[in-house]
Amino acid sequence: MGNYENTKTEYENAFVEERKKHIEMQFMHLNEMQRQAVLATEGPLLILAGAGSGKTTVLINRIYNILKFGCGSDSDEIPYYASEDSADIISRGGDEADRLCALHPAQPWQILAITFTNKAAGELKTRLGNMLGESADDIWACTFHSACVRILRRDADRLGYSKSFTIYDTSDTNSLLRQIIKELDLDEKFYAPKAVAGEISRAKDALIDPPKYIKQASFKADLYHKKVGEIYARYMESLKKSDAMDFDDLIFNTVKLLDSYSEVREYWQNRFRYILVDEYQDTNNLQYYLVSLLTNDENNICVVGDDDQSIYKFRGATIENILNFESNFEDCRTIRLEQNYRSTGHILEAANAVISHNLGRKGKTLWTAKNAGDPVELFVADSERDEAQYIVSKILRGYGSGGKWRDYAVLYRMNAQSNSIEYALKSHNIPYRIVGGTRFFDRAEVKDILAYMCVVLAPNDNLRLQRIINVPARGIGLKSVETALEIGNDNDLSLFDVISHAQSYEQLTRPAARMKEFANMIGELQSFAACNSPADLFDELIEKTGYIRMLQEKKTKEDEARIENVMELKSTMLTYMNESGDSTLEGYLANVALYTDLDNYDNDSDAVTLMTMHASKGLEFPYVFIAGMEETIFPSSRAIGEADELEEERRLCYVAVTRAMKNLYLVAARQRLLFGRTNCNRVSRFVDEIPDEHIKKNIPKGFAYKDPATAYFPGGSRYSGAYEPDNVPQYDTLPGKSYSYSKPKQKITPAPAAKQEKPMLQLELGDNVRHKAFGIGVVVKMMPMGGDYLIEINFETQGSKKLMLKAASLFLEKV
DNA sequence: CGCACCACAATTTTT
DNA sequence: TTGTGGTGCG
């Protein structure tokens, strides 16, 4: 500043000052720190954004600022068109002022905003669209992987791939590795495909290619690394033959491309004037290289992250990226967003307290202007089943008093925990949705159909051809495929080439006819594809291959679900084509590998959400349950004893806790049936890290697990007030499935109940009722539930609603 | 070759 | 507990 004052005229200083003020005025809806982050457009910027601190808002507004005012808020430059009265004009505001304040504004396509998940990218796009209209379409708001795909589609041929390379997902990778390991006659136990995949992934993260890996391994004495080097080399060869890249390759190859071809690098560096990276704490080494390579001399790189929310170290994310950002990028500015807009006081304090037990943080303390709210609640249940019951009764209670199902989320450490909770929700007819788990695109039938389509487009994809060549069974067995593969390897032909001319190889005389038939079918599908829409091809394909018939003939429940999945796949294809404007099958197949279930998650439907804590990152819910707050579950057994991993678990806890807006319930079970084994665990250490003033603990003393009633409500427990005895879940009403411990013989008596002011309405199925708010309807379902009933009514005008009879009695009458 | 059965394993998180 | 992969039989 001081320098300029001497060299600039007074009006110039006034101009710069007015310009900054004017731009600043556009962002008065933000808090001071958020605004600073928005206005600091030039040079490296690190935004440490705590949970719920409005970081997406900041990103959006920052992009808006860059597009509208360029570097106007962050520069002392005086444009040629500024004159002596410019400052005056600006101070009067209006369009003219806006125009004067704009300084080298960026074009939408000069902005690259990288996120971690498709969902986050989609959200960013939507919000940018709302703010900027159509011009937002030109902004690259995408994930690391999809950004790389776009870059590679342009120049992949320089690396020896075609521009229409396919992408192998994790399971493709694993099966290819398994195959290679077998071919090399190695023991699958010792060279577990998954472990090898991890090793290769780590190598790529360190920019080590197979020759380099083999060289490094040659200095070591151990055989393992030498063999892995061999596998690695074969794996890459095989990928290249199939014109395929795995997830890591997408980034690795992009880095390679940018690094080795200066004209490519310059092209992209010139194009992207401003780069923003979200969730920077989750980036790995490769991604760091990528970002550095894309950044030009202007260094307009802005990263947003929260070191306390780094929970993906296990897959190579290195927290160092964020911890070292300031030293990696010179003249970096750092801004902390510490005001939380999401949670009430007790919840936030609990989160702060837990995370403060970690060492090596950037240090950051969230605060809120909200009131303290309710303390966090801890409940120690009897078993995993009671845990679920507790959660369900809490949810029912909240729903009964006017809540929405979608306000509730149940978080857990691992997917296997969802079973008991699902069961309880199901038996109470509570709508719920599970995010994650066995992913849609990992289902065998989905992979099969996709593999078929890939093969139709690119028959040389050996891996996918192998997958479907005998599904449904058509008499081409493992042995035949193996021989065909060998022939292919020897003559440098693809598997498809070999089976197309199977009759010319005497080793294949037996299956030759069937192979030929199969190859012909693929050929027919290819010609069909040439002059029909992808949707029609889809139908033709599942017919002609007999796939649907195979499922229909089996007739089990699972197979019905599989048919549904296949149809669902068709609709995701159509959705993709609609939304992306890309109606080619190639485009769809090229992108489908980057799809995940998370993308299908829509918050429109009114349902309780079940997911892992990892999957919950970035989301928020009014009421959050964290299930399984037990040592060995959370923190997980493999983290205990490892300082680093324990810290990661603690960060995970921090993430989970900060999802809650109004109420947070922590639930533990004294005894838990998991993987067919019953364990007893202590309550999680993370619970103890929450100071007493922020948590209300309910640990039944007179523990008698044969009598759930006393387990829930020990004499004098604080819960007796919150829970009417008649709301005690009655296990006898639960259908099916017996559990390992004996049920109480006698029914739990609904104690001094029934002294209500208004008697419960007597209803039967099929009764017509009038509701004060919803109008006329008919009772379609009644579920007894702890002395009350959960009823479902189909209303003429309002659709179907689920109500608790007792609470609804006030508004209901029979007609 | 295909199916059924059995043994065994592992059992987090994701592009 | 669930799922997977391998084996053995028809």
Side-chain angles (χ1 to χ4, degrees), chain A residues 114-121 142-149 167-175 178 182 188-189 192-195 197-198 201 245-252 279 282-284 286-287 310-317 384 411-420 423 435-439 441-444 470-481 510-511 514 550 554 558 591-599 611-617 628 632-639 645 648-649 651-652 655-656 672-679 737 739-740:
Chain A
I114 304 180
T115 62
F116 223 74
T117 62
N118 297 310
K119 188 161 72 68
C142 48
T143 64
F144 271 102
H145 297 270
S146 61
C148 287
V149 169
I167 301 168
Y168 277 8
D169 69 16
T170 317
S171 56
D172 294 328
T173 295
N174 281 339
S175 40
R178 191 175 313 120
K182 268 187 196 156
E188 248 186 89
K189 298 253 164 57
K194 263 176 139 184
S201 179
M245 299 192 197
D246 68 17
F247 286 137
D248 294 314
D249 288 335
L250 293 176
I251 300 177
F252 184 88
E279 307 280 14
D282 289 336
T283 54
N284 62 23
L286 259 185
Q287 287 158 338
S310 159
I311 52 175
Y312 288 112
K313 201 178 129 201
F314 68 90
R315 63 170 194 223
E384 83 287 343
L411 310 182
Y412 35 78
R413 180 64 234 270
M414 45 189 173
N415 289 118
Q417 286 172 261
S418 72
N419 275 332
S420 53
Y423 180 70
V435 180
T438 333
R439 284 191 300 288
F441 290 98
D442 279 347
R443 305 192 116 93
N470 205 25
V471 182
R474 42 176 78 89
I476 306 174
L478 221 65
K479 200 88 200 144
S480 319
V481 174
R510 214 148 45 100
R514 285 168 295 211
M550 169 184 81
K554 287 197 186 161
E558 288 82 33
N591 283 291
V592 77
L594 300 177
Y595 260 48
T596 46
D597 255 17
L598 230 55
D599 307 337
M611 61 185 155
T612 64
M613 298 183 215
H614 281 90
S616 75
K617 193 161 74 146
T632 74
I633 305 260
F634 188 44
S636 97
S637 49
R638 43 195 83 193
E645 297 201 26
E648 178 135 318
E649 296 279 307
R651 290 192 292 269
L652 185 58
V655 167
R672 176 178 300 272
L673 184 72
L674 196 64
F675 303 130
R677 181 173 273 137
T678 307
N679 293 304
K737 212 164 183 175
Y739 281 78
S740 49

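Reminder, nothing fancy here: chain letters follow the sequence lines and each chain counts from 1.
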- Note on the structure: A:Lys479 atom NZ is separated from C:dG8 atom C1', nearest whole Å, by 16 Å
- Message: Expressed as a whole number of angstroms, how long is the span from A:Asn174:CG to C:dT4:P?
- Response: 12 Å
- Message: If you count every heavy atom of other residues, nucleotides or ligands that lies below 6.0 Å from A:Arg315 atom CZ, does the total exceed 12?
- Response: yes
- Item | Rounded interatomic separation in angstrom, taking OH from A:Tyr412 and P from B:dT11 | 18 Å
- Atom pair distance, as rounded to whole Å: NZ in A:Lys313 and P in B:dT14: 18 Å
- Message: Does a side-chain N or O of A:Arg178 approach OP1 or OP2 of C:dG5 to a distance below 4.0 Å, or not?
- Response: yes
- Query: Could a donor-acceptor pair under 3.5 angstrom be found where the side chain of A:Thr170 meets the base of B:dT15?
  - Reply: yes
- Message: Less than 4.0 angstrom between a side-chain N/O of A:Lys119 and OP1 or OP2 of B:dT14, yes or no?
- Response: no
- Item | Proximity to the side chain of A:Phe675 - top-ranked nucleotide from B:dT15, C:dT1, B:dG2 | C:dT1
- Note on the structure: Per atom distances to the A:Arg638 side chain, the nearest of B:dT15, B:dT11, B:dC1 is B:dT11
- Message: In whole Å, I'd like the distance from the CE atom of A:Met245 to the C1' atom of B:dT15.
- Response: 15 Å
- Between A:Ser171 and the options A:Asn174, A:Thr173, A:Asp169, the side-chain hydrogen bond (donor to acceptor under 3.5 Å, both in side chains) test singles out A:Asp169
- Message: If you only use heavy atoms from C-beta on, which nucleotide in B:dT15, C:dG6, B:dT11 is closest to the side chain of A:Thr143?
- Response: B:dT15
- Query: Roughly, in whole Å, what's the span from CD1 in A:Ile114 to P in B:dT15?
  - Reply: 16 Å
Might you list the N or O atoms of the protein lying below 3.5 Å from N or O atoms in nucleotides 3-9 of chain B, with each pair's distance?
none

- For the pair made of CZ in A:Arg315 and P in B:dT15, what is the distance, rounded to whole Å? 7 Å
- So, does A:Asn284 use its side chain to make a donor-acceptor pair with the main chain of A:Gln287 at under 3.5 Å? yes
- Message: It should be established whether A:Asn470 places a side-chain nitrogen or oxygen under 4.0 Å from OP1 or OP2 of nucleotide B:dG2.
- Response: yes
- A:Ala639 and A:Glu649 have their tightest heavy-atom pair at CB-CG, 3.5 Å
